[in-house]
Amino acid sequence: MTRVALVQGASRGLGLAFVRALLDRTDVGRVAATCRDPAASEGLARLRAERGDALVVLRLDVRDEASIAAAAARVAEACGPRLHWLINCAGVLHEGPALRPEKRLGDVDAGKLRAVFEVNAFGPLLVAKHFAGLLRHDERAVLANLSARVGSIGDNRLGGWYAYRASKAALNMFTRNLAIELGRRAPNLICLALHPGTVDTELSRPFQGNVAAERLFDANQAAEQLLRVIDSCGPADTGRFLAWDGQPIPW
Ligand SMILES: NC(=O)c1ccc[n+]([C@@H]2O[C@H](COP(=O)([O-])OP(=O)(O)OC[C@H]3O[C@@H](n4cnc5c(N)ncnc54)[C@H](OP(=O)(O)O)[C@@H]3O)[C@@H](O)[C@H]2O)c1
C-alpha cells in the first residue's frame, strides 16, 4: 500500500528536513512538498533530482487560499485520495528589517500582527480546510501543526513577541478544534500541535545566543525527533500540544 505524506512549507528549514526524512522511510511511498516558490528552493530541487517521482513539488502560499485549494486538487490527482501525514511547517518570526518580533507594546503594529497571524495561524487552518477531505478515511492519519513553546499561555514568563506568541496560541486552539471536528468522522486521524525545540534554521538564527549547544538541534535531527513523537501517538492523543521529547506543554 502506498502511504502518502504532505509537508507544507517545505522550501527550507524544518519543512525540507521532514521531506528528506519521510522520503527515507519504507512506510512512505510518496511525498508531496509544497512551498510558495518551488523554483527558488535548491533543497527541493536537489531532492527531486535524487528521488524522482517519489517526490511531488507543488506551489502553495498559505496567504493565498486559491493556491491552497489548487494544491489540494493537484495532490488528489497526483497521489490519490488518501493522505497519511500532513505536516504544516510554514511559519514566520522575522522577515528582513521591516518585521522583527516586538520587544515591547510600543512595537506592536496592526499590519505586522496581521501578516504573522496569516502565516502562522490562518494558514495551517486553511490548509486543514482544503485538505480535510484527503485526511478523512479509516486508516491512521496525522495532521501535525508546527507550533512553538512560546505559544503556551501558561508557560509565558517573559512577555514580548506579541504577534508570534499569540499566533501560535491561536494555532493551538485551531488544532484542538480540528481534533474535535475532524475526529467525529475520522476516528483514526490524530491532530497535534508540536514544539520542535530550538532548531538551527533561519527563523531562530538571530535568537540563538542564549541557547546551550546541546539544546540547539540540527533541522534533520529535529525532524527525526518529531517523527518519533508522531509515530508514538494514537487516536487518544489527538488534540494534544507536545514537545520534541514527547512531553506535554501547558496550553
Ligand atoms: N526554528 C526553531 O527554533 C523553531 C522553534 C519553534 C517552532 N518553530 C516552528 O517550526 C516551523 C518551521 O520553522 P523553521 O525553523 O523551519 O523556519 P524557516 O527555516 O524560517 O522556514 C520557514 C518556512 O516557512 C515558509 N513560509 C513563510 N511564509 C510562507 C507562506 N506565506 N506560504 C508558504 N510558506 C511560507 C518559508 O518559505 P520561503 O522559503 O518561501 O520563505 C520556509 O519554508 C515554523 O512554524 C516555526 O514557527 C521553529
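Ligands are counted one by one from 1 in listed order, and the atoms in each one are counted from 1 as well. Just so you know, these numbers come straight off a predicted model, no measurement behind them.
- Atoms CD1 and CG, from Ile190 and Asp237 in turn, are 7.0 Å apart once rounded to the nearest 0.5 Å.
- With respect to Asn145, the side chain to side chain contact (heavy atoms under 4.5 Å, CB included) criterion is satisfied by exactly one of Val127, Thr175, Leu192: Thr175.
- Atom 40 (O) of ligand 1 has Arg36 NE, 2.8 Å as its closest protein atom, hydrogens excluded (heavy atom only).
- Heavy-atom separations between Asp61 and ligand 1 include at least one value shorter than 4.0 Å.
- Taken to the nearest 0.5 Å, the SG atom of Cys35 stands 9.0 Å off from the CG atom of Leu58.
- Among protein heavy atoms, the minimum distance from atom 18 (P) of ligand 1 is reached at Arg12 NH1, 3.6 Å.
- The protein atom (non-hydrogen) at minimum distance from atom 17 (O) of ligand 1 is Leu203 CB, 3.4 Å.
- Thr201 OG1, 3.6 Å is the protein heavy atom nearest to atom 14 (P) of ligand 1.
- Taking a 4.0 Å cut-off on heavy atoms, Leu60 registers as neighbouring ligand 1.
- Scanning the protein for heavy atoms near atom 32 (N) of ligand 1, the closest one is Val62 N, 3.0 Å.
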Show me, pair by pair, the donor-acceptor contacts under 3.5 angstrom made by side chains of residues 68-80, not counting sequence neighbours?
| unit_1 | atom_1 | unit_2 | atom_2 | d |
| --- | --- | --- | --- | --- |
| Arg74 | NH1 | Glu77 | OE2 | 3.4 |

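- In this structure, atom 26 (N) of ligand 1 lies nearest to the protein heavy atom Ala90 CB, 3.8 Å.
- Between Ala219 and ligand 1 there is no heavy-atom distance shorter than 4.0 Å.
- Within the listing of ligand 1, atoms 36 (C), 37 (O), 38 (P), 39 (O), 42 (C), 43 (O) sit less than 4.0 angstrom from a heavy atom of Ser11.
- At a 4.0 Å cut-off, at least one heavy atom of Lys168 sits close enough to ligand 1 to count as contact.
- Polar contact check, His195 against ligand 1: no nitrogen or oxygen pair lies under 3.5 Å apart.
- In this structure, Asn210 places its CG atom where only 12 or fewer heavy-atom neighbours from other residues, nucleotides or ligands lie under 6.0 Å away.
- Taken to the nearest 0.5 Å, the SG atom of Cys233 stands 7.5 Å off from the CG atom of Leu194.
- Heavy-atom distances between Asp37 and ligand 1 stay at or above 4.0 Å for every pair.
- The environment of CD in Glu181 is sparse: at most 12 heavy-atom neighbours from other residues, nucleotides or ligands sit within 6.0 Å.
- For Thr198, no nitrogen or oxygen atom sits less than 3.5 Å from a nitrogen or oxygen atom of ligand 1, counting backbone and side chain alike.
- Going from atom CG of Asn172 over to atom CD1 of Ile153 covers 8.5 Å, rounded to the nearest 0.5 Å.
- Checked against a 3.5 angstrom limit, the closest N/O atoms of Val119 and ligand 1 fall outside it.
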_Derivation and outcome, salt bridge (Lys or Arg N to Asp or Glu O under 4.0 Å), residues Arg59 and Asp37_ = CA-CA 6 Å; Arg59 179 182 173 271; Asp37 184 2; over 6 Å; no

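- Of the candidates Ala222, Gly123, Ser204, Gly197, Gly197 brings a heavy atom nearest to atom 4 (C) of ligand 1.
- Nearest-heavy-atom check against atom 9 (C) of ligand 1 across Cys89, Ser147, Gly91, Ala148 picks out Ser147.
- For the 3.5 Å distance criterion, the side chains of Gln225 and Asp245 fail to qualify, holding no donor opposite an acceptor.
- For a threshold of 3.5 Å applied to N or O pairs, the pair formed by Gly15 and ligand 1 contains no separation below that value.
- Atom-to-atom distance recorded for Leu47:CG and Ser41:OG is 8.0 Å, nearest 0.5 angstrom.
- Note: an N/O pair closer than 3.5 Å links Val199 and ligand 1 by distance alone.
- Side-chain atoms of Glu65 and His130 include a donor-acceptor pair closer than 3.5 Å.
- Within the 4.0 Å heavy-atom criterion, both parts of Leu14, backbone and side chain, lie near ligand 1.
- Residue pairs meeting the side chain to side chain donor-acceptor pair (under 3.5 Å) criterion with at least one partner in residues 98-116, sequence neighbours excluded, are absent.
- Tyr164 counts as a contact of ligand 1, since one of its heavy atoms falls under 4.0 Å from the ligand.
- Residue contact annotation: Gly9 has a non-hydrogen atom under 4.0 Å from ligand 1.
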